Amino acid sequence: TMGRLDGKIILLSAAAQGIGRAAALAFAKEGAKVIATDINESKLQELGKYPGIEIRVLDVTKKEQIENLAKEIEKIDVLCNIAGFVHHGTILECEEQDWDITMNLNVRSMYLMIKTTLLQMLKQKSGNIINMSSVASSIKGVVNRCVYSTSKAAVIGLTKAVAADFIEQGIRCNCI
């Protein structure tokens, strides 16, 4: 049977567990070729046994790793940015290191992933970027989620900026 995503190549971050894993399996079930990435190699191995899923170890905070992976992929139809970290606490419980780690993983990684894959999508004149945000963002203030909410509000801003800049070139950018 034909899947809705037959022939599509989807690059996915944080695929080893949770939402990322569920998304990888759902995409593959619909016929996509999924390049499932994660920093956790042992958890990622389990996904490799499913048809349509190719696994790659990737640290989405490392520009060189992202660029090297992108060079190996002939075509990227969908980029799905799911990697993220939830810091628990108010601004008073958020140390500078917590702020930096969260912003680096939750926002800067998406900037790097989009910037790297967008060039390929522009050449194809098509592409779909999906960024994982949260209700805990500019949408709603949530108790004990200060830096997490800040990072996810930034993801919404990033998404809207990329969408506005590249819609004319056939690129869609949305967040969940």
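Keep in mind the model is a prediction, meaning the values are calculated, not measured.
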| said: Rounded to the nearest 0.5 Å, what separates atom OG1 in Thr117 from atom CG in Asp77? | reply: 11.5 Å
| query | Does Ile66 belong to the same Ile/Leu/Val/Met/Phe/Trp/Tyr cluster as Phe85, with side-chain heavy atoms less than 4.5 Å apart forming each link? | reply | yes
| Do Val78 and Leu5 come within less than 4.5 Å of each other through their side chains, counting heavy atoms only? | no
| field | Among Asp165, Thr159, Leu158, side chain to side chain contact (heavy atoms under 4.5 Å, CB included) partner for Val162 | value | Leu158
| request: List the steps and the verdict of side chain to side chain contact (heavy atoms under 4.5 Å, CB included) for Met110 and Ile129. | output: CA-CA 10 Å; Met110 290 193 191; Ile129 300 163; over 6 Å; no
| Are Val34 and Met121 linked, directly or through other ILVMFWY residues, by side chains that come within less than 4.5 angstrom of each other? | no
| Asn106: which of Ser151, Ser134, Ser133 passes side-chain hydrogen bond (donor to acceptor under 3.5 Å, both in side chains) | Ser151
| query | Can you hop from Ile167 to Ile156 via hydrophobic side chains spaced under 4.5 Å? | reply | no
| Do Leu25 and Leu44 belong to the same hydrophobic cluster, where Ile, Leu, Val, Met, Phe, Trp and Tyr are linked whenever their side-chain heavy atoms lie under 4.5 Å apart, directly or via other members? | yes
| query | Could you give the distance from CD1 (Ile76) to NZ (Lys123), rounded to the nearest 0.5 Å? | reply | 10.5 Å
| message | With heavy-atom distances below 4.5 Å as the criterion, would you say the side chains of Val60 and Leu112 are in contact? | response | no
| query | Quick one: SG on Cys94 to CG on Asp100, what's the gap to the nearest 0.5 Å? | reply | 9.0 Å
| said: Please check: side-chain N/O of Asp38 versus main-chain N/O of Ala15, any donor-acceptor pairing under 3.5 Å? | reply: yes
| remark: Scanning both residues in full, the closest heavy-atom pair of Leu122 with Phe166 reads CD2-CD2, 3.8 Å
| message | I'd like to check Ile19 versus Ile176 (side-chain heavy atoms, cut-off strictly below 4.5 Å). Are they in contact? | response | no
| If you measure only the distance, is there a donor-acceptor pair under 3.5 Å linking the side chains of Thr90 and Glu93? | yes
| query | Can you name the nearest heavy-atom pair linking Asn131 to Cys173, along with the distance? | reply | ND2-SG, 3.7 Å
| request: Would you check if Lys8 and Lys33 make a side-chain contact, meaning some heavy-atom pair closer than 4.5 Å? | output: no
| field | Same cluster (ILVMFWY, side-chain, under 4.5 Å), Val155 and Ile171 | value | yes
| remark: One should read off an interatomic distance between Asp98 CG and Met103 CE, to the nearest 0.5 angstrom, of 13.0 Å
| Any side-chain heavy atom of Ile10 within less than 4.5 Å of one from Asn128? | no
| request: Report yes if some heavy atom in the side chain of Arg56 is under 4.5 Å from a heavy atom in the side chain of Glu72; otherwise report no. | output: yes
| remark: Interatomic distance, NZ@Lys75 vs CD@Gln120, rounded to 0.5 Å, equals 10.0 Å
| query | How long is the gap from CD1 on Ile82 to CZ on Arg21, to the nearest 0.5 Å? | reply | 13.0 Å
